2 protein chains.
Amino acid sequence: MSAYDASMTEPNPFRVENCSIERTLAVVGEKWTFLVLREAFNGVRRFADMQAGTGAPRQVLSARLARLVEEGLLRKVPYREPGSRRRDEYRLTQKGLDLYPIMVSLMHWGDRYEADPDGPPVVLTHRDCGSPIEIALRCADGHEVPSPREVTPRLGPGARLAG
Amino acid sequence: MSAYDASMTEPNPFRVENCSIERTLAVVGEKWTFLVLREAFNGVRRFADMQAGTGAPRQVLSARLARLVEEGLLRKVPYREPGSRRRDEYRLTQKGLDLYPIMVSLMHWGDRYEADPDGPPVVLTHRDCGSPIEIALRCADGHEVPSPREVTPRLGPGARLAG
DNA sequence: CAGCTAAGTCTAGTTGACAGACTCAGGTGC
DNA sequence: GCACCTGAGTCTGTCAACTAGACTTAGCTG
């Protein structure tokens with residue numbers, strides 16, 4: 001997947017029927033799910049707080065939480081406030097935590113193109129030194145890869161070409 | 001936005017009403033749009049090819065293309081095959097191209113957690129040296145930041161706290 | 001048992017996706 | 001000028017998901 005020359009009969013010779021992006025989208029590729037995940041990354045764990053943070057209708061939130069638990073991105077952890085019944089919180093699993101680069105990328109693009117004129121509302125910083133966080137594309141040899149144009153797709157071991 | 005300690009009254013002190021993630025999601029936060037963008041990054045430009053690659057119903061595709069043009073992520077470029085009328089192709093703008101880290105992150109997460117047992121279907125490589133592409137989180141001082149737990153959010157210049 | 005409250009579930013109306021068919025609009029050949 | 005062509009839409013009725021608001025559930029406490 002890169003910006004690619006279209007002077008071929010098949011516009012995309014890397015069109016696979018088991019595309020990983022599409023697999024990811026099947027799990028998280030819609031607004032409410034992303035917002036739930038955003039809340040989870042912000043440490044929000046309880047239903048009511050998730051609802052306040054996302055603005056999702058309860059039915060939508062309930063369904064998304066159940067789905068994310070089922071898919072293994074969130075797990076339920078029981079808790080009980082004094083005076084209340086036992087309830088569950090929702091916490092990110094490692095599988096869920098590994099979505100972090102996606103969330104940061106979404107934020108940075110929004111910071112750049114959709115933020116208010118005052119600038120970004122939240123800045124992510126390195127806990128140890130305080131410098132802002134960046135997302136970098138590089139190759140395994142350590143080269144910087146600043147643009148999609150310097151990326152060449154290759155068919156991988158699991159490639160199944162589509163019609 | 002990081003994995004955060006929840007032992008406070010406000011579960012998320014960085015809850016802003018102008019969240020950049022949410023701004024991004026308002027533009028691209030649903031399946032069909034991402035699939036259109038995937039095709040665009042793969043060099044697919046024409047309606048019929050977009051449709052073949054995404055599987056989107058024509059009405060959905062037409063609406064998404066129009067929206068992406070309106071939002072400035074795609075632009076229309078006229079073309080004409082001999083024997084045919086003038087038509088438009090759809091190409092990524094810089095604004096659209098800057099979504100690349102999101103697309104790569106989606107792919108990598110899918111490669112890791114949702115791919116077939118044979119492995120990823122497509123591997124992105126550095127054009128100049130052939131090594132696989134990676135996404136790295138680091139800070140502006142050059143430190144590696146391997147986990148959300150090493151990230152500290154701060155309110156930015158545009159922060160508008162939510163209720 | 002009544003009251004409480006967080007986390008769901010329900011319901012009728014609205015909106016968007018969907019499959020399939022139809023239309024449109026320039027180019028070409030007759 | 002007309003018929004044919006074809007890629008890019010547009011239309012339509014059905015189905016699925018979202019939505020706002022209300023209601024229910026299920027443990028705990030007094």
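Just so it is clear, the model here is predicted, and its values are computed rather than measured. By convention in this document, chain letters (A, B, ...) are assigned in the order of the sequence lines, proteins followed by strands, and residues within each chain are numbered from 1.
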Would you tabulate the side-chain donor-acceptor contacts of residues 74-86 of chain B under 3.5 Å, counting partners in other chains and residues two or more places apart, or write 'none'?
unit_1: B:Arg80; atom_1: NH1; unit_2: B:Ser84; atom_2: O; d: 2.7
unit_1: B:Glu81; atom_1: OE2; unit_2: B:Arg46; atom_2: NH1; d: 2.8
unit_1: B:Glu81; atom_1: OE2; unit_2: B:Arg46; atom_2: NH2; d: 3.0

For DNA chain D, whose closest nucleotide is more 5', that of A:Ser84 or that of B:Asp88? B:Asp88
Which residues pass the salt bridge (Lys or Arg N to Asp or Glu O under 4.0 Å) test with B:Asp98, sequence neighbours left out? A:Arg112
For B:Glu30 and B:Thr33: C-alpha separation, side-chain torsions, deciding distance, then whether side chain to side chain donor-acceptor pair (under 3.5 Å) applies. CA-CA 6 Å; B:Glu30 64 79 38; B:Thr33 301; 2.3 Å; yes
Contacts of B:Phe47 that satisfy ring pair (Phe, Tyr, Trp, His ring centres under 6.0 Å) - sequence neighbours left out: none
List the atom pairs, donor and acceptor, that lie under 3.5 Å between side-chain atoms in residues 54-62 of chain B and the rest of the protein, sequence neighbours left out.
unit_1: B:Thr54; atom_1: OG1; unit_2: B:Met50; atom_2: O; d: 2.7
unit_1: B:Thr54; atom_1: OG1; unit_2: B:Ala56; atom_2: N; d: 3.1
unit_1: B:Arg58; atom_1: NH1; unit_2: B:Gln51; atom_2: OE1; d: 3.4

Assuming nearest nucleotide by heavy-atom distance, tell me which of A:Lys76 and A:Gly83 is located more 5' along DNA chain C. A:Gly83
Residues that B:Ala52 engages under side-chain contact (heavy atoms from CB on, under 4.5 Å), provided they are two or more places apart: A:Arg15
With a 3.5 Å cut-off and sequence neighbours excluded, list the donor-acceptor pairs that the side chains of residues 127-135 of chain A form with protein atoms.
unit_1: A:Arg127; atom_1: NH1; unit_2: B:Arg149; atom_2: O; d: 3.0
unit_1: A:Ser131; atom_1: OG; unit_2: B:Asp141; atom_2: OD1; d: 3.4
unit_1: A:Ser131; atom_1: OG; unit_2: B:Asp141; atom_2: OD2; d: 3.3

What residues, two or more places apart in sequence or in another chain, satisfy side-chain hydrogen bond (donor to acceptor under 3.5 Å, both in side chains) together with B:Ser105? none
Set of side-chain contact (heavy atoms from CB on, under 4.5 Å) partners for A:Leu155, sequence neighbours left out: A:Phe14, A:Val16, A:Ala159, A:Leu161
Would you jot down, in residue-number order, the residues of residues 51-61 of chain B having a non-hydrogen atom under 4.0 Å from DNA chain D? B:Arg58, B:Gln59
Can you give the first and last nucleotides of DNA chain D, 5' to 3', that have an atom under 4.0 Å from a heavy atom of chain B? D:dT6 to D:dT12
Outermost contacting nts on DNA chain C, any atom under 4.0 Å from chain B heavy atoms, listed 5' then 3', are C:dA17 to C:dT28
Results of ring pair (Phe, Tyr, Trp, His ring centres under 6.0 Å) for B:His126 - residues two or more places apart only: A:His143
